[in-house]
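All remarks here apply to the structure that follows.
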2 protein chains.
Amino acid sequence: MAGIEEVARLAGVSTATVSRALSGNVHVSPATRSKVEAAALELDYVVSSNASSLASGRTRNIAVVVPFLARWFFSSVLEGVQSALLRHGYDLTLYNLSGDADERHSVFEHFLLRQRVDAVIAISLELTEAEVKRLHTLAKPLVGIGGPISGVRTLSIDDTLIARLATEHLISLGHTEIAHIGGSPEFDLDFHMSTNRRLGYESALEAAGLAADPASFAPADFTIHGGYHAAKQLLGAPQGRPTAVFASSDEMAIGAILAARDLGLVVPRDVSIVGVDDHDLSDFFGLTTVAQFPRGQGEMAVEILMEELKPTTEAAPAAPALPYELIVRSSTAVPPA
Amino acid sequence: MAGIEEVARLAGVSTATVSRALSGNVHVSPATRSKVEAAALELDYVVSSNASSLASGRTRNIAVVVPFLARWFFSSVLEGVQSALLRHGYDLTLYNLSGDADERHSVFEHFLLRQRVDAVIAISLELTEAEVKRLHTLAKPLVGIGGPISGVRTLSIDDTLIARLATEHLISLGHTEIAHIGGSPEFDLDFHMSTNRRLGYESALEAAGLAADPASFAPADFTIHGGYHAAKQLLGAPQGRPTAVFASSDEMAIGAILAARDLGLVVPRDVSIVGVDDHDLSDFFGLTTVAQFPRGQGEMAVEILMEELKPTTEAAPAAPALPYELIVRSSTAVPPA
DNA sequence: CTGAAAGCGCTAACAA
DNA sequence: TTGTTAGCGCTTTCAG
């Protein structure tokens, strides 16, 4: 735990020079720099981030706020954020809001205000106005991932387009009876993501001259379990079952595949199924899906933030559109004759 | 962003008193305390953690190091750690080592040394001697979860006992042909966890007078996919298939259930399957399993640390044994007649 | 129980 | 390019 003073002494320079040489931002003569670096290495010197933060006002630490941890999408985004941050020399302080309301409240009223972070990344969070205001009093850059927060720059995939693409894939195979498993209305967590995907589905149908029968919609909770039950309802309907199902998430789509199997239906011969995500398990189940790339989304959020934190930057950089891609596997085919 | 000075002025006391009143550790007269609290509330005052840390040497921040993020066990432990930490007013700084070796190196040589944390929790990490030494030079409390690190206090489940319990469940149902899907040897990540579970399985067999045939073992990688392929091998063996399978993780067990189905076997009529974990999906698949409770493990690690960080505490508190429990669902039954 | 004052370890003007 | 110096905002002796 050597301090900057000892390094300065060993290198034969002042502490200010050590600071400059090690931070790399300011000009220092190459000779001095290497002397300092050698001394630092020899003494195992690592700056105290607290002292540095206090003096400079920069913490090199980013807060990441998530609504869940143990779900594929969130942990994948987090992975991307983490590794990008590490590359930039930043720490990641994690706040998970899946606890009770008090917990959430204290995160916004207390934890985030401790001046411990330079910026915050909010993943798929529906923030209340009070919360957004709180964050704004922080006067720190804030970027959201996964759905528009009013007044906050957000990386967001185009849910309508994604859903439309998935549905069009089914239509192009010849399906006309296409059911949809989407989020139940409570899922406002996801900012109308559910609604937008449903709208995309409906618009694809309409564009093909097909009717969007309300009976072809089954709500679920984005889990395999939920998708399974929703699919059972849809596929077991006595008045004739759909030949294809578009599920708003891969987990629900996998549930649907399992439900079809349990009903004795063969996928894709009897029923085609598409999801959204490209979840870890999707390849295993041969699920056709519209991939989004959560790791990449996390990394992108970090790049935007880094850009914004550079003292040189003026305007906040714009958020580019997020990529997505139809991946056709073995869960979709032409409808039964 | 009011400072302590303003609070002091508003409350009509000195900054020292504000500090004392708000930290709560030292004695302050009730009247003064409430005056200070009112002033702090009015000004929306929140201490600057950097200044506080620098002055006191305590950061109220814990580092958590994980080898993966997007896996059920790790994200569940992390969830437990996070919520317990929040309750105690601590921040959580996350380091995920799933990147390359350089990343890992820089975490240990750089990030963890910045004096940003009071302690570190290492989840299922096989640390090299150099890494442990590094951490010890930190002179910070360190607790591991999930497997013994030499010289580090670790919360660890008894893998041998767990495996034995699962196997005994099968034996007590009357099974004598019991196969095992375990970790492949490379999985040293998990500290001989794989080996220990295999030993537990074998010892249960021996105790029942059954032979542990090496042909009844299939290695896999702890995923559904891996479990599926391993189970296919086991259940498709032409020289007679086992009537039961013990898998070292629920994900592998679920893979085995799916493999059995694909082979036209009915679980549990034709083959019984047990796992370990009580994964999120296990209930859905009706999987009998030995539950471990990762959230609880995370919380426990935090409690131990908090105890240790209390200035009053002398000896490091002992780590209690971790609970586990056999949960019988519908994937196990007596063997076919 | 409370106040005054000396730092915690570093960075950033300002000079030289 | 480098050194000097004054803090960053709080905590903690040490007095009173």
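Quick note on labels: first sequence line is chain A, next is B, and so on, each numbered from 1. These numbers come from the heavy atoms of this one structure, side chains and all, not from hydrogens, waters or symmetry mates.
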Closest to the 5' end of DNA chain D, once S29(A) and T15(A) are matched to their nearest nucleotides, is S29(A)

Between V26(B) and S56(B), who's closer to the 5' end of DNA chain C by nearest nucleotide?
-> V26(B)

Selected nucleotide, minimal atom distance to V28(B) side chain, candidates dG3(C), dC10(D), dT2(C) | dT2(C)

May I ask you to verify if any side-chain N or O of S19(A) is less than 4.0 angstrom from the OP1 or OP2 atom of dT11(C)?
-> yes

From dG7(C), dT13(D), dT11(C), nucleotide with atom closest to A55(B) side chain | dG7(C)

Rounded off to whole Å, could you give me the OH-to-P distance for the Y45(A) and dG9(C) pair?
-> 10 Å

Atom-pair distance (CZ on R9(B); P on dG9(D)), nearest Å = 13 Å

Nearest-Å distance, CD1 (I4(A)) to C1' (dT4(D))?
-> 14 Å

Backbone of R58(B) reached by a side-chain donor or acceptor of S53(B) within 3.5 Å = yes

Between atom CG in L22(B) and atom C1' in dC10(D), what is the gap in whole Å?
-> 12 Å

In whole Å, what is the span from the CZ atom of R58(A) to the P atom of dT11(C)?
-> 8 Å

Rounded to the nearest Å, what distance is computed from the CG atom of residue N50(B) to the C1' atom of nucleotide dG7(C)?
-> 17 Å

Classify the nucleic acid contact of V13(B) as base, sugar-phosphate or nothing, counting any heavy atom under 4.0 Å across all strands shown.
-> sugar-phosphate

Judged by modelled atom types alone, do T59(A) and D118(A) share a side-chain donor-acceptor pair under 3.5 Å?
-> yes

Selection from dT2(D), dG9(D), dT1(D) that lies nearest to any side-chain heavy atom of T32(A) | dT2(D)

Walk me through it: do M300(A) and L155(A) pass the test side-chain contact (heavy atoms from CB on, under 4.5 Å)?
-> CA-CA 8 Å; M300(A) 195 178 291; L155(A) 289 181; 4.0 Å; yes

Nucleotide nearest R20(A) (side chain, heavy atoms from C-beta), chosen from dG9(D), dG3(D), dC10(C) = dG3(D)

So, are R116(B) and D91(B) salt-bridged, with charged N and O less than 4.0 Å apart?
-> no

To the nearest Å, how far apart are R60(A) CZ and dG9(C) P?
-> 21 Å

Test log, rule side chain to side chain donor-acceptor pair (under 3.5 Å), inputs S52(B) and S49(B) | CA-CA 5 Å; S52(B) 170; S49(B) 48; over 6 Å; no

Figure out the CG/C1' separation between L113(A) and dG9(D), and round it to whole Å.
-> 16 Å

Using a cut-off of less than 4.0 Å, is there contact between a side-chain N or O of T17(A) and OP1 or OP2 of dT2(D)?
-> no

Would you indicate, yes or no, if dG9(C) has its OP1 or OP2 atom less than 4.0 angstrom from a side-chain nitrogen or oxygen of S48(A)?
-> no

S14(A) vs dG3(D): side-chain N/O to OP1/OP2 distance below 4.0 Å | yes

